[in-house]
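Reading through the structure tokens given below for one structure.
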Amino acid sequence: MEYSKDEIERVLISNEEIQKRLDELAARVNADYAGHDLLVVCILKGAVAVFADLLRRLTIPCSIDFMAISSYGSSTKSSGVVRILKDLDHGIEGKDVLIVEDIVDSGMSMSYLKDNLRTRGPASLKLLTLLDKPERRRVELQADYIGFTIPDEFVVGYGLDYAEHYRNLPDVCILSPKMYA
Ligand code: PRP
């Protein structure tokens, strides 16, 4: 896809590469959870694209739920305090839960969320993230399934936003610095 140079510096990961990688990740998930009934949890909003594409590759019995979280304002993102904007519809006690995220950056959001969900007594709790930015990590947090490890660039597209825009782009792209300078 052609993007405006003023907005998008370049494509970092094409949709084709994403789909290929999701084939591999889904095959692992299907094998790892064989004989289980999986609850797949989408973390709104960034994970919608990867969640929908992963879900359609799952062959194991599964159900889905959604959660929306946000840090307490961007200035206090470093505090690690996370607000639950929308909680799961149902309890997860005794369930095998797979969290699906678009990106793990500082790791604060997922560290908080995993601690929170663990107190609800799931049988197992794992994390799949499309993107991992280990350079930015501020807490120890390791995802169980990682799509791509990426450098510390401002990425948008395939669910990821800048000021709520660009989530619709099919590829993961590097935003032009002009946009936020
Ligand atoms: C993004 C992303 C993760 C989090 C990662 O969400 O979806 O949830 O930030 O950052 P961290 O590892 O530093 O905590 P965001 O708050 O931008 O919301 P969104 O998914 O609705 O875009």
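When a ligand or atom number is given, it counts from 1 through the structure's own listing order. Not measured: the values here are computed from a predicted model.
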Considering only heavy atoms of S106, which atoms of ligand 1 have at least one such atom less than 4.0 Å away?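 Result: 11 (P), 12 (O), 13 (O), 14 (O).
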Identify which one of D171, V156, L131, I150 satisfies the side-chain contact (heavy atoms from CB on, under 4.5 Å) criterion when paired with L12. I150
Pick whichever of A68, A47, S109 has a heavy atom sitting closest to atom 4 (C) of ligand 1. S109
Sequence neighbours excluded, which residues qualify as salt bridge (charged side-chain N to carboxylate O under 4.0 Å, His left out) partners of D65?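 D65: no salt bridge (charged side-chain N to carboxylate O under 4.0 Å, His left out) contacts found.
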Run the salt bridge (charged side-chain N to carboxylate O under 4.0 Å, His left out) test against E24 and tell me which residues pass, sequence neighbours left out.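 Scan of E24 (salt bridge (charged side-chain N to carboxylate O under 4.0 Å, His left out), adjacent residues dropped) gives R21.
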Between the side chain of E7 and the main-chain N/O of S4, is any donor-acceptor distance below 3.5 Å? no
Can you find a non-hydrogen atom of D161 under 4.0 Å from ligand 1? yes
Any heavy atom of G107 sitting closer than 4.0 Å to ligand 1? yes
What part of [X], side chain, backbone, both or neither, has a heavy atom within less than 4.0 angstrom of ligand 1?
{"X": "D102", "answer": "side chain"}
{"X": "M67", "answer": "neither"}
{"X": "R136", "answer": "neither"}

Hey, what's the ring geometry for Y145 with Y33, parallel, tilted or perpendicular (30° and 60° as the breaks)? tilted
K45 N/O to ligand 1 N/O under 3.5 Å: yes
Any nitrogen or oxygen of I103, side chain or backbone, less than 3.5 Å from one on ligand 1?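 No, there is no polar N/O contact under 3.5 Å.
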With the side chain counted from C-beta on, respond yes when L25 and R57 share a heavy-atom pair under 4.5 Å apart, and no when they do not. no
Picking from D102, N168, D53, what satisfies side-chain hydrogen bond (donor to acceptor under 3.5 Å, both in side chains) with Y158? D53
